[in-house]
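Input: a single structure, listed below in structure tokens.
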Amino acid sequence: MLIKTRLQLLFAFLVIVFLSTGGLMIGALQDLEKAVTEGSSGRLRLIQSGQIRDQILSASAEVEDLANWNAEDRSRFFGLLESCKETIQQMRLGLTGEDDPLKGTIESLSRPVTDFGRAVTRALRYLDEEGPASRRLNLPRNWLKTRLIPEITESLQELEQQLQSRLAILDKLAVVNYQRIKIVFLGTGLSLILLGIVFFYLVRRWIVTPLELLSAATREISSGKYGETISIASESEIGQLARDVESMSEEISRAQSQLVDRERLAAVGEMTATIAHNIRNPLGSIRALAQGRMRSDGGSDPDMSMQTILETVDRADRWLKDLLKGLKPIQLTYGEAQLDSRLPALCEAVSGYADKRQVSVKCQITGTLPAARIDERKIEQSILVLLNNAIESCNPGGVVSLSGRSSGDEIFIEVQDTGHGMTAEVLAQLFKPYFTTKKSGLGLGLSLTQRIVVGHGGKIEVESESGKGSRFLLTIPTDSQNASGQKGTEHGTNSDPRR
């Protein structure tokens with residue numbers, strides 16, 4: 001998974017945690033605020049009910065001396081009743097539909113207070129009309145004592161009980177909400193600590209540690225240690241960058257190795273060309289002298305010494321020509337070629353040499369090979385080199401097989417033998433010019449073969465194990481003239497080109 005995707009998921013998880021935690025905290029705070037507000041209102045109503053009780057008791061006490069009231073007493077009494085009514089009206093404020101029982105109790109308190117005022121007003125009217133000796137003055141007092149005061153007292157007690165019960169519920173709710181908030185805050189704190197640790201660990205694992213490994217690897221590469229493996233197994237962006245750095249390091253190492261080989265080859269080639277040129281001149285003179293001597297003697301030489309000299313000089317000249325040929329650039333002449341018929345002909349061409357070494361040669365073509373635009377002569381030369389090497393590597397009774405097949409726009413030619421194989425050390429230097437394991441070899445055959453195949457835009461791959469034979473696979477594009485601009489690669493590893 002990409003680091004970008006991982007971080008997006010991590011941040012999404014953090015946002016979800018914060019939003020859910022915030023929602024819980026806001027809900028708990030709102031519930032706590034509601035409980036505190038309603039608790040404050042309930043306590044205020046409880047205080048107001050006590051004030052009403054005190055005012056009613058004070059007013060009731062003054063009614064006992066109703067016959068002696070003056071204007072000030074009347075004003076004070078009705079002021080107390082008006083204050084009770086205002087307090088009752090204030091108690092109604094803020095009540096909702098959920099407070100219907102409380103509303104009913106307050107209404108039941110409001111009615112006897114109003115009736116109390118009416119009764120006193122009627123008694124005062126009797127007092128004004130009939131005087132203090134009026135018998136009807138006792139009626140309001142008796143009604144007040146026997147009915148109104150008990151009703152008011154009962155209503156106040158019921159109201160106080162409801163308010164106290166309501167306060168108890170609100171107190172419990174406030175405690176519960178406080179505990180909720182405490183748990184939410186505690187959980188949030190622990191979650192933040194845990195998330196911080198997880199975030200630090202994941203960022204270090206996903207980003208910091210890979211970057212440290214990548215930085216260390218780049219320092220190693222800058223110091224000249226190419227081909228270093230970066231131990232980042234992730235498929236993220238940094239993992240892909242590590243693979244790119246590894247590939248770059250391998251390319252630099254390969255290019256440096258090729259540059260060293262080219263410089264060495266150039267130095268060897270220059271020296272070899274000079275030596276070959278200097279040797280061919282005296283060889284030509286020796287051959288001319290030998291030919292002159294043979295003509296002067298009429299071609300009769302008992303010990304055939306001159307003929308031996310000529311043969312030796314010719315052999316040395318061919319050796320020098322082969323040596324010089326390995327130094328020249330490959331020149332390819334492209335043309336349409338059909339390899340179906342040429343592969344069996346090549347097997348037939350090496351059959352004499354194979355019979356001499358008691359090795360059997362087999363040829364197999366799978367399907368029909370398409371026509372290819374190649375330098376047919378040089379491709380045949382490359383295949384002949386591989387066939388001859390394979391025959392030489394086999395003991396009597398060995399088998400060499402040549403096979404051909406095609407896939408898409410590529411032709412695959414395989415040469416396999418049951419010979420003695422090659423070690424890893426030999427495979428590492430197999431295509432280097434002038435490297436050979438033969439006593440009489442120049443070490444140019446496989447080097448030229450590789451240059452020819454790569455010049456066609458193809459590649460040559462080798463699989464070999466000491467004591468178990470070797471397998472060479474040539475991959476040649478059917479349109480080599482267009483593909484020859486692409487860089488060819490060669491391998492000495494067990495890779496399967498048929499994938």
Side-chain angles (χ1 to χ4, degrees), residues 33-171 174:
E33 182 182 7
K34 180 180 179 181
V36 171
T37 302
E38 292 183 359
S40 299
S41 300
R43 288 181 176 85
L44 179 60
R45 290 189 180 94
L46 192 59
I47 293 172
Q48 289 172 340
S49 67
Q51 292 175 349
I52 293 173
R53 179 188 297 276
D54 294 338
Q55 291 168 350
I56 294 296
L57 290 176
S58 178
S60 300
E62 292 188 6
V63 170
E64 293 295 329
D65 194 24
L66 180 65
N68 299 319
W69 278 8
N70 55 28
E72 183 179 350
D73 294 331
R74 294 185 182 190
S75 177
R76 183 173 58 255
F77 174 81
F78 286 107
L80 288 173
L81 288 184
E82 190 64 30
S83 178
C84 287
K85 293 178 180 179
E86 290 178 357
T87 304
I88 291 172
Q89 185 63 30
Q90 291 175 0
M91 293 176 68
R92 291 192 183 100
L93 298 177
L95 296 177
T96 62
E98 298 177 355
D99 303 317
D100 289 339
L102 190 58
K103 285 181 180 180
T105 304
I106 293 174
E107 291 297 332
S108 65
L109 177 62
S110 177
R111 285 192 299 273
V113 171
T114 302
D115 292 341
F116 186 19
R118 291 174 180 171
V120 173
T121 300
R122 187 180 299 110
L124 290 175
R125 188 169 63 249
Y126 295 152
L127 178 64
D128 293 337
E129 293 176 354
E130 301 177 5
S134 177
R135 295 180 180 180
R136 289 192 290 181
L137 288 177
N138 292 326
L139 295 176
R141 292 194 192 99
N142 294 333
W143 189 42
L144 179 65
K145 290 180 181 179
T146 59
R147 184 172 179 182
L148 292 181
I149 295 299
E151 286 183 4
I152 293 174
T153 302
E154 183 180 357
S155 297
L156 284 171
Q157 289 177 349
E158 185 178 356
L159 178 61
E160 289 176 353
Q161 288 178 355
Q162 288 182 352
L163 290 173
Q164 289 175 353
S165 175
R166 187 179 181 85
L167 284 174
I169 294 173
L170 291 174
D171 287 339

Exercise for the section: Output the distance between atom CG (Asp54) and atom CG (Leu80), rounded to the nearest 0.5 Å. Expected result: 10.5 Å
Exercise for the section: State the OG1-CZ distance between Thr121 and Arg74, to the nearest 0.5 angstrom. Expected result: 9.5 Å
Problem - Other residues, nucleotides, ligands: >12 heavy atoms within 6.0 Å of Gln90 CD - result: yes
Exercise for the section: Side-chain contact test, heavy atoms from C-beta onward, threshold under 4.5 Å: evaluate it for Thr114 versus Lys85 and give yes or no. Expected result: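 Side-chain contact under 4.5 Å: yes.
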Exercise for the section: Could you tell me whether the side chain of Leu124 reaches within less than 4.5 Å of the side chain of Phe77, counting heavy atoms only? Expected result: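 No; the side chains remain at least 4.5 Å from each other.
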Handout entry: For Cys84 against Val113, the heavy-atom pair lying closest together
Key = CB-CG1, 4.2 Å
Problem - Shortest non-hydrogen separation from Asp73 to Arg76 and the atoms involved - result: OD1-NH2, 2.6 Å
Exercise for the section: Could you tell me whether the side chain of Ser75 and the main chain of Ala71 form a donor-acceptor pair under 3.5 Å? Expected result: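 Here the side-chain-to-backbone pair does not exist.
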